[in-house]
Amino acid sequence: MIPENFEYHVPKTLEEAARLAVQFADDGKLLAGGHSLIPMMKLRLAVPKHVIDLGRLEGLRYIREADGKIEIGALTTHFQMESSTLLKAKCPMLPETAREIGDVQVRNKGTVGGSLAHADPAGDWPAAAVALDAEFQGVSTTGERWVPAAEFFVDLMTTSLNPGEILTAIRFPVLPDRSGDAYIKHPHPASGFAVVGIAARVTLDPKGVVETARVGITGVNSKPYRAQAVESALTGKSPSSKNLAAAASHAADGIDANGDLYASGEYRSHLAKVFTERALALAVERAAVK
Ligand SMILES: Cc1cc2nc3c(=O)[nH]c(=O)nc-3n(C[C@H](O)[C@H](O)[C@H](O)COP(=O)(O)OP(=O)(O)OC[C@H]3O[C@@H](n4cnc5c(N)ncnc54)[C@H](O)[C@@H]3O)c2cc1C
């Protein structure tokens with residue numbers, strides 16, 4: 001339970017952090033909230049020789065609206081997401097997701113950027129990120145770039161961030177008119193992580209027919225995915241219970257579902273369908289009251 005010795009670096013600016021991240025790309029690790037990295041170091045599943053603490057980069061802690069999108073600094077904590085009035089008004093799926101993460105201590109220290117960069121297959125944020133086609137800003141000594149969610153998650157705990165690249169911000173689209181969204185999960189009874197987590201957003205046309213549906217799923221596969229078969233089955237249909245159930249039945253189509261001691265692949269696929277139906281129903285209900 002004691003990590004290997006390491007050298008601790010505390011950059012004061014993003015430029016300094018980027019330099020250190022590149023210098024120690026092979027044997028260093030960035031530290032954000034530490035709620036995934038430190039347990040891994042204690043278990044010696046991660047043995048970095050250099051730890052680069054991003055914690056002093058206050059400029060990476062913000063939630064703001066820009067160009068019709070919500071932009072979130074990578075060091076924003078789960079608690080800041082949960083309690084943001086801007087998010088509650090403009091992208092309510094995000095505070096709803098934050099509320100589902102761990103306990104008060106975890107939400108107080110853990111960060112959105114750390115969680116997304118960690119890409120835990122049972123993490124909660126990835127569902128919202130893929131459902132809403134979030135964009136990820138990576139910064140390195142050579143410059144910055146934006147990566148769409150569809151390209152960000154590569155595999156189990158693997159993202160398309162380059163070695164030494166720092167995730168600095170994430171952008172989400174705001175909730176359009178006549179829309180509702182929801183995040184619900186089936187938590188693992190011991191860890192609280194998502195056995196299945198479903199992020200859904202539905203936009204209705206003026207007649208109440210589904211104009212667009214977006215569904216992101218975490219926990220089921222080695223990486224989060226958009227359930228496009230569900231989305232296309234619902235688009236152009238009335239959001240009746242029958243149509244929601246029929247669309248949700250496609251939630252695990254073509255997916256090789258993870259199995260473990262708690263939930264077999266078959267059970268996870270079943271949960272994905274049940275929770276997709278519930279998340280869609282909630283999103284439709286919220287869209288209808290607008
Ligand atoms: C008891 C407990 C319960 C939890 N329950 C849940 C849960 O229910 N749902 C859930 O989703 N999560 C849960 N978590 C995980 C928690 O959300 C972590 O906060 C999160 O996974 C990692 O964020 P962090 O800021 O702590 O990152 P860290 O632990 O500091 O870092 C995680 C990884 O990301 C890298 N990294 C961090 N920041 C950046 C960056 N800006 N750019 C590039 N790489 C970066 C690090 O190098 C490291 O590899 C739980 C954790 C604990 C300890």
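Read the numbers this way: they start at 1 and go in the same order the structure lists the ligands and their atoms. Just so you know, these numbers use all the heavy atoms, side chains as well, and skip hydrogens, waters and symmetry mates. Bear in mind the structure is a predicted one, so any value in this text is a computation, not a measurement.
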Counting heavy atoms only, which of [options] comes nearest to [atom]?
atom: atom 18 (C) of ligand 1; options: Gly33, Ser36, Ala32; answer: Ser36
atom: atom 9 (N) of ligand 1; options: Thr76, Asp124, Ile38; answer: Asp124
atom: atom 17 (O) of ligand 1; options: Gln137, His35, His78; answer: His78

Is Asp120 in contact with ligand 1, taking contact as a heavy-atom separation below 4.0 Å? no

Look up atom [atom1] in [X] and atom [atom2] in [Y], then write down how far apart they are to the nearest 0.5 Å.
X: Arg19; Y: Leu14; atom1: CZ; atom2: CG; value: 10.5 Å
X: Thr111; Y: Leu54; atom1: OG1; atom2: CG; value: 8.5 Å
X: Ile70; Y: Met81; atom1: CD1; atom2: CE; value: 9.0 Å
X: Ile101; Y: Arg107; atom1: CD1; atom2: CZ; value: 8.0 Å

Please identify which atoms of ligand 1 are closer than 4.0 Å to at least one heavy atom of [X].
X: Lys185; answer: 8 (O)
X: Gly123; answer: 11 (O)
X: Leu31; answer: 30 (O)
X: Gly110; answer: 19 (O), 25 (O), 26 (O)
X: Gly192; answer: 8 (O)

Contact partition for Met40 relative to ligand 1, non-hydrogen atoms under 4.0 Å: neither

With heavy atoms only and a cut-off of under 4.0 Å, state how Thr111 meets ligand 1: side chain, backbone, both or neither. both

Taking [atom] as the reference point, the nearest protein heavy atom with its distance:
atom: atom 1 (C) of ligand 1; result: Val106 CG2, 3.8 Å
atom: atom 14 (N) of ligand 1; result: Phe193 CZ, 3.1 Å
atom: atom 41 (N) of ligand 1; result: Leu167 O, 2.9 Å
atom: atom 28 (P) of ligand 1; result: Gly34 N, 3.4 Å
atom: atom 33 (C) of ligand 1; result: His118 ND1, 3.6 Å
atom: atom 48 (C) of ligand 1; result: Leu30 O, 4.0 Å
atom: atom 36 (N) of ligand 1; result: Ala117 CB, 3.9 Å
atom: atom 29 (O) of ligand 1; result: Leu37 N, 2.7 Å

Quick one, Val230 and Leu280 - any side-chain contact, counting heavy atoms below 4.5 Å? yes

We want to know whether Ser140 and Glu165 form a side-chain donor-acceptor pair, criterion being a heavy-atom distance below 3.5 angstrom. no

Going by the angle between their ring planes, with limits at 30° and 60°, are Phe24 and His50 parallel, tilted or perpendicular? parallel

Whether Tyr8 and Phe6 hold their rings parallel, tilted or perpendicular, with breakpoints at 30° and 60°: perpendicular

From Val112, Leu116, Leu60, residue fulfilling side-chain contact (heavy atoms from CB on, under 4.5 Å) relative to Leu167: Leu116

Which residue, Leu271, Val220, Ile217, forms the side-chain contact (heavy atoms from CB on, under 4.5 Å) with Ile198? Ile217

For salt bridge (charged side-chain N to carboxylate O under 4.0 Å, His left out), just list the numbers for Glu16 and Arg56, CA-CA rounded to whole Å, side-chain angles, deciding distance to a tenth of an Å, and then say yes or no. CA-CA 11 Å; Glu16 190 188 350; Arg56 306 294 189 281; over 6 Å; no

ILVMFWY network linking Met40 to Trp125, side-chain heavy atoms under 4.5 angstrom: no

Between Gly102 and ligand 1, is there a nitrogen or oxygen pair with a distance under 3.5 Å? yes

